[in-house]
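Any value given below was found using the heavy atoms of this structure, including those in side chains, with hydrogens, waters and symmetry copies removed. The shown structure was predicted, so the numbers you read here are calculated from the model rather than taken from an experiment.
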There are 4 protein chains.
Amino acid sequence: MVEGSNLSTKEKILKVSEQVFAEKGFDGARVDEIARKAGVNKALIYYYFDGKDDLLDHLFNLLIDEVRNFIVEEVKDLNLDDDEAFNKVFNNTLNLLETKRDILKVAFIESLKGDTKHSIIFNLGEIIMGSEIERITEVFTSMGLEVPEDKQYMLVGEFFTGILPMIGFVIFKDNFSNYFGTDPDKIKDHFKKVFKKSHLGFHDLSK
Amino acid sequence: MVEGSNLSTKEKILKVSEQVFAEKGFDGARVDEIARKAGVNKALIYYYFDGKDDLLDHLFNLLIDEVRNFIVEEVKDLNLDDDEAFNKVFNNTLNLLETKRDILKVAFIESLKGDTKHSIIFNLGEIIMGSEIERITEVFTSMGLEVPEDKQYMLVGEFFTGILPMIGFVIFKDNFSNYFGTDPDKIKDHFKKVFKKSHLGFHDLSK
Amino acid sequence: MVEGSNLSTKEKILKVSEQVFAEKGFDGARVDEIARKAGVNKALIYYYFDGKDDLLDHLFNLLIDEVRNFIVEEVKDLNLDDDEAFNKVFNNTLNLLETKRDILKVAFIESLKGDTKHSIIFNLGEIIMGSEIERITEVFTSMGLEVPEDKQYMLVGEFFTGILPMIGFVIFKDNFSNYFGTDPDKIKDHFKKVFKKSHLGFHDLSK
Amino acid sequence: MVEGSNLSTKEKILKVSEQVFAEKGFDGARVDEIARKAGVNKALIYYYFDGKDDLLDHLFNLLIDEVRNFIVEEVKDLNLDDDEAFNKVFNNTLNLLETKRDILKVAFIESLKGDTKHSIIFNLGEIIMGSEIERITEVFTSMGLEVPEDKQYMLVGEFFTGILPMIGFVIFKDNFSNYFGTDPDKIKDHFKKVFKKSHLGFHDLSK
DNA sequence: CATGAATGAGCCTTCATTCAT
DNA sequence: TATGAATGAAGGCTCATTCAT
């Protein structure tokens, strides 16, 4: 199947790019290494893609699309009953992010650069928070409470106590375990507990 | 003063390196650009330093040293009376980190790389958490409560709900404001409030 | 033929390297000059070879191989009848060395360096002398004479009155003629006569 | 003594240059290394000398001068009675050359270069051979024999069976012993014997 | 005399990208 | 599609040399 082989090669290139970008950073990555690890001729990369930058664009677009689809999927039949719902959304989100760990690393790095070319982390944050803020708003409303007017405050809170720790956990987890000698199997449970307490702490109305 | 001029040039190179590394990332930074922006001959950089890597090492060492000194200073006459102490330490820490924003960006990026050459973020975390965990332990003890046995749980919590959001805030703040159109003047106050609630949420014993 | 074109470029680079190394010495040679004189892009040199050092290694290996092959070829059907044999071996050896004049210059220079990285001249000497010493031994034995026990003495003699003058002649001949204004056409005949007398002088048993 | 200290520093620079040039070759030598090993500031080298080239010129001039003086000294009261005289001249010459081993290495290398800037080996050869050829001529005449008309033949012979092996022995001796595992203490005696036989072989009138 | 600092030119090597087939 | 070969534009680093004091 020509088409099959075609797609397969293209996808292999993307997959390997993701790994190499994550390991070396975009600037540190070499097209030669991608070609070698993907087992394809270097020129073929330029046949399928417009260059190194284009590879990154494709990967970022895939990331955005998958997260967006996930959110739509996740929220569409969301039947909120407090704790249960939180756990479900949280677990699913974490699982999704873990499958995108490599490109998330790159997104993190690129979002820190001086130029504003890539702000993927904020794009992602917007998508995820958008839904959560909406959900929260719903909850608040359904409980007869007033939604905090200050959207900026909400954004800061959601991003720096929600998005950031979550993505941070996904991309730092391995190096963290490695450095502190913690048990990689238990760390996820620790984080779940920790995240819940802290993030709910942020949402706590009593303070 | 010969020594003064010497130090000045060396320091200028370091200062500019810090900025360029932060803006372009270490791999994306060019020695030529550092030389140009520092107003020095490129070869002079190699007179004072062993190369690009050495520049980074110096900057990281300076970062580590300053944070360590700060922690010692901060903790030495710490008279804990709850809220007051927390605010003071938190504000001072945030201020310190803000002065080191550029090199923190680089440290973040490098700590994400595949190789384990640089783990500065974890080094910093260890230094800061070390003191806090000690402090927390003291508080718990003085309150007649039992310190959570699981150190790993503490580490995860401190790092992902304390260190990470804090450093994350410092290095992402500007891009965050820029992206979400938030008010740069108010964002810090938002974050302070948010951080307190979430981090105390993590430490909350009632849950 | 793709292979032909490939080899051709690679060989052209090697050939030009040999010339430039011989003219400027390895340390004085410039990769830029090699590329220019070979009519290839400088980066192409690094496509075919690992660097400047690797070029030299290739050339040295070629030299060693050719000399070794020559010796095997030359000695395999050696029917020794004194004078005739000496002339034949001497002439053929000289002819061979003359085709390798350039790289022999470089080998000479590198063998003089302080580090023991390259000892090509001694490698060559070993190969050539090995055969001659064997041959001499044969002759002595066949003549009912005793082979001089002292191998060290033989080595010194063969090297400093055989190998060294021979290679020396090949690599110094042109500059010698140029300096002393001697006739380049006659010098070779002079040397042949001279070498024979002196080298046989060394082997003379009557003294 | 200012003047004394002055001379001492200048001489130390020259001495170290000689060593470094011999070890690394002129092109491979670094002014920095010379300064460091001589224990002087690099700029001081440029105070005493016009540059790297000038260092080499000084060393070459010293070499030429010393050899010239030696020859004059050696020949002025030469009372030739065959064997005795040969031994004396040979030994003294070898001793002299050994004291100049380092710079002779450099001279050798530089005499092989493509440009005709340095032909020190031939300069030396001319000086030494000049005297020997004169001496030989004398001897021949005094013996009522005819001097070989062909000066070119003599030059070739003297150079390639006299000068070259002699200088070659001096500069290659150590590496030779190192490579072949020969006894450094005995090698000189071997060479003396070998040289005599071969060089006299060249001069042998009976062939 | 002596030195720390500074510099311009250049060197080896790399790399993203393109070409020819 | 696929590939080996080729290339222009840097990039990090070095080095002989000079300057200011």
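Nucleotide F:dC15 holds its C1' atom 13 Å from the NZ atom of B:Lys42, rounded to whole Å.
Under 4.0 Å is where a charged nitrogen must lie from a carboxylate oxygen, and between B:Lys117 and B:Glu110 no such pair does. Using a 4.0 Å cut-off between charged nitrogen and carboxylate oxygen, B:Lys100 and B:Glu66 count as a salt-bridge pair. Taking 4.0 Å as the cut-off between side-chain N and carboxylate O, D:Glu33 and D:Lys24 count as a salt-bridged pair.
By the 6.0 Å and 45° rule, B:Lys52 stacks over the aromatic ring of B:Phe26.
The A:Asn41 side chain lies nearest to F:dG4 when the options are F:dA16, E:dC15, F:dG4. Closest to the side chain of D:Tyr46, from the set F:dT18, F:dT7, E:dA2, is F:dT18. Distance from the side chain of B:Thr9 is smallest to E:dA6 among F:dA5, E:dA6, F:dG11.
Ring geometry for B:Phe172 against B:Phe108 counts as perpendicular: the plane angle is over 60°, on a 0 to 90° scale with 30° as the lower cut.
Within residues 52-59 of chain A, no residue has a heavy atom under 4.0 Å from DNA chain F.
Checking the phosphate oxygens (OP1, OP2) of F:dA16, a side-chain nitrogen or oxygen of D:Arg30 falls inside 4.0 Å. Considering only side-chain N and O atoms, B:Tyr48 lies under 4.0 angstrom from the phosphate OP1 or OP2 of E:dA6.
Counting non-hydrogen atoms under 4.0 angstrom, C:Ala29 reaches the backbone sugars and phosphates but no base.
Helical stems involving DNA chain E, defined as 3 or more consecutive Watson-Crick or G-U pairs under 3.5 Å, span E:2-21 with F:2-21.
The residue among B:Val40 and A:Ala43 whose nearest nucleotide of DNA chain E lies closer to the 5′ end is B:Val40.
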